[in-house]
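Owing to the predicted nature of the structure, the values given are computational and were not obtained by experimental measurement. Quick note: numbers below take in every heavy atom, side chains included, and nothing from hydrogens, waters or symmetry partners.
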Amino acid sequence: MILVTGGAGYIGSHTVLKLLERGFDVAVADNFINSKTKVIERMKKLAKRDFSFYETDVREKDQLDKIFSENKIDLVIHFAGLKAPGESVDKPLEYYANNLDSTIALTCAMNEHGVFKLVFSSSAAVYDLRSDMPLDEASPTGNCANPYGRSKRMCEQILTDAVNANKLRSVALLRYFNPIGAHESGQIGEDPQDTPNNLMPYITQTAVGRRSRLYVYGNDYDTPDGTGVRDYIHVEDLAAGHIAAIEYLENNHGVSVFNLGAGKGVSVMELICAFEKASGVEIKTEFAARRPGDSPICYASVDKAKTLLGWEAKKTIAEACADSWRWQKSNPNGY
């Protein structure tokens, strides 16, 4: 059985659904800080399977002991954590307390209950974005742009130290780039609680009428059209990357680091144009000043994941835009 912390969130829910479809038994722990209760029943309905669910904060030792005692857990996927880079600048203590404490508590519980394999939800935010592109797994880390990125980098170090101390045996650190898209059913997708952290929800919310216009921050970067370039990956491909990581950990011990991205850059305006074409909806945009800390270009080298995991992103930007629109159109106000 696989325990998925934060399994009701955007990436977590798509991964849980793919696990269920692949025949894995799953237990989910989530406190709904970044998710909604409706996603649980939707996942069960789509998968046509049941799974164990625990509404809890992963930092609570008693609850973790209960989960591990009631289930025969073989591996953990750890998504749970706060994840808004901008918000982390205003609330650094909350981010460090939540993200580090949950990782430490979970690792301790795993060790106490004899579970030694972990897939960790990390981020490209751990990289020094002044590095040459594309970023590979050996690119410099640590000079992060915000507390969110620093908290993820600290969690990576905590897990590495745990492996070195024989508290864990096999850990995959998955550094995500920019997830977009939704499940093809339109039943599960990205539903930000307040202000979106990512570009695609701004686009879809503008398309559905929840926002009057889309602000594009910076059109004077040294890029082909002046707008920032990022590596956008379909969330379904990202979920598939977790399946590949699980299979990899069956035969590989120690700490392994993998970038999960599309391996190419797409500008903000290119993404908007692709969405307009996929949806048939014109997005009213307005250019605004650059945001502090934003880099002109950020995209991944994914050769390592392709070689060792046998994984690569397969879905196109057009498919991601169509799936995002289907989700938002079917759920104009989210869950």
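- Expressed to the nearest 0.5 Å, how far CG of Leu168 lies from NE2 of His253 amounts to 12.0 Å.
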Asn219 and Thr227: side chain to side chain donor-acceptor pair (under 3.5 Å), yes or no, with the steps?
CA-CA 5 Å; Asn219 64 339; Thr227 63; over 6 Å; no
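- Tyr232 and Leu135 fall into different hydrophobic clusters, where Ile, Leu, Val, Met, Phe, Trp and Tyr side chains are chained together by heavy-atom contacts under 4.5 Å.
- Cluster annotation: Tyr10 and Tyr202 are assigned to distinct hydrophobic clusters (Ile/Leu/Val/Met/Phe/Trp/Tyr, side-chain heavy-atom contacts under 4.5 Å, transitive).
- Between Leu64 and Val58 the shortest side-chain heavy-atom distance falls below 4.5 Å.
- In this structure, Phe258 has its ring center closer than 6.0 angstrom to the ring center of Tyr248.
- A distance-only check finds a donor-acceptor pair linking the side chain of Asp231 to the backbone of Ala300 [under 3.5 Å].
- Taken from CG in Asp25 to CZ in Arg49, the straight-line distance is 5.5 Å, to the nearest 0.5 Å.
- More than 12 non-hydrogen atoms from other residues, nucleotides or ligands lie less than 6.0 angstrom from CZ of Arg210.
- No side-chain donor-acceptor contact under 3.5 Å links Tyr176 and Ser122.
- With hydrogens and angles left out, the side-chain atoms of Arg153 and Thr141 include a donor and acceptor closer than 3.5 Å.
- Using a 4.5 Å cut-off between side-chain heavy atoms of Ile, Leu, Val, Met, Phe, Trp and Tyr, with links allowed through other members, Phe116 and Leu159 fall into different hydrophobic clusters.
- Counting only heavy atoms from C-beta outward, the side chains of Met133 and Pro296 never approach each other to under 4.5 Å.
- Lys91 NZ: 12 or fewer foreign heavy atoms inside a 6.0 Å radius.
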**Step-by-step salt bridge (charged side-chain N to carboxylate O under 4.0 Å, His left out) determination, Arg175 to Glu156** = CA-CA 10 Å; Arg175 293 174 179 168; Glu156 288 190 354; 2.8 Å; yes
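- Within 6.0 Å of NZ in Lys304 there are more than 12 heavy atoms belonging to other residues, nucleotides or ligands.
- Around the CD atom of Glu184, the shell of radius 6.0 Å holds no more than 12 heavy atoms that belong to other residues, nucleotides or ligands.
- Residues Phe287 and Met269 have side chains in contact (heavy-atom distance under 4.5 Å, counting atoms from C-beta outward).
- Only one option out of Asn178, Leu260, Ile180 pairs with Leu238 in a side chain to side chain contact (heavy atoms under 4.5 Å, CB included); it is Leu260.
- Between Val302 and Glu312 there is no side-chain heavy-atom pair separated by less than 4.5 Å.
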Between Phe32 and Phe53, is a ring-ring contact (aromatic ring centres under 6.0 Å, His included) present by the stated rule, with each step listed?
CA-CA 12 Å; Phe32 298 117; Phe53 175 72; 5.4 Å; yes
Stepwise, does the salt bridge (charged side-chain N to carboxylate O under 4.0 Å, His left out) test hold for Lys61 with Glu112? CA-CA 11 Å; Lys61 184 181 186 305; Glu112 291 173 7; 3.5 Å; yes
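- The one candidate from Asn146, Asp294, Asn198 that meets the side chain to side chain contact (heavy atoms under 4.5 Å, CB included) condition with Pro85 is Asn146.
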Step by step, work out the salt bridge (charged side-chain N to carboxylate O under 4.0 Å, His left out) result for Asp74 and Lys117.
CA-CA 7 Å; Asp74 301 298; Lys117 292 184 289 187; over 6 Å; no
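- Under the 4.5 Å side-chain criterion, counting only non-hydrogen atoms from C-beta, Cys321 is not in contact with Lys277.
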Practice item. Report the C-alpha separation of Arg59 and Asn98 in whole Å, then their side-chain angles, then the decisive distance to 0.1 Å, and conclude whether the side chain to side chain contact (heavy atoms under 4.5 Å, CB included) test is met. Key: CA-CA 8 Å; Arg59 293 174 291 180; Asn98 188 298; 3.8 Å; yes
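- Within a 6.0 Å sphere centred on CD of Glu286, heavy atoms belonging to other residues, nucleotides or ligands number more than 12.
- Residues Leu75 and Val119 meet the side-chain proximity criterion, which asks for heavy atoms closer than 4.5 Å.
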Next item on the list: Start with the C-alpha gap between His242 and Phe120, add the side-chain angles, then the distance that decides, and say whether ring-ring contact (aromatic ring centres under 6.0 Å, His included) holds.
Entry: CA-CA 9 Å; His242 292 75; Phe120 179 64; over 10 Å; no
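- No option in Thr204, Leu271, Ile203 other than Ile203 meets the side chain to side chain contact (heavy atoms under 4.5 Å, CB included) test with Ile283.
- Once rounded to the nearest 0.5 Å, the distance linking OH of Tyr335 with CD of Glu41 reads 12.5 Å.
- Cation-pi contact between Arg150 and Tyr96: absent, since separation from the ring centre below 6.0 Å together with deviation from the ring axis within 45° is not met.
- When only modelled atom types and interatomic distance are considered, Asp323 and His234 share a side-chain donor-acceptor pair under 3.5 Å.
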query: So Glu87 and Tyr148, side chain to side chain donor-acceptor pair (under 3.5 Å) or not? Walk me through it.
result: CA-CA 8 Å; Glu87 182 184 61; Tyr148 164 72; over 6 Å; no
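- Both Val257 and Val76 sit in one connected hydrophobic cluster of ILVMFWY residues. Membership requires side-chain heavy atoms under 4.5 Å apart, directly or through other members.
- When hydrophobic clusters are built by joining Ile, Leu, Val, Met, Phe, Trp and Tyr residues whose side-chain heavy atoms come closer than 4.5 Å, directly or via intermediates, Ile40 is grouped together with Ile188.
- Counting only distance, with no hydrogens or angles, the side chain of Glu270 and the backbone of Ser267 share a donor-acceptor pair below 3.5 Å.
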- Message: Does Asn31 form a side chain to side chain donor-acceptor pair (under 3.5 Å) with Tyr54? I'd like the steps, not just the answer.
- Response: CA-CA 8 Å; Asn31 61 2; Tyr54 296 85; over 6 Å; no
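- Figure legend: Lys44 and Phe51 shown as a cation-pi pair, the cationic atom lying under 6.0 angstrom from the six-membered ring centre and within 45 degrees of its axis.
- Within the 4.5 Å cutoff, the side chain of Leu199 has heavy atoms near those of the Val268 side chain.
- Using cut-offs of 30° and 60° on the angle between ring planes, the pair Phe275 and Trp325 is perpendicular.
- Using a 4.5 Å cut-off on side-chain heavy atoms (C-beta onward), Thr103 and Asn99 make no contact.
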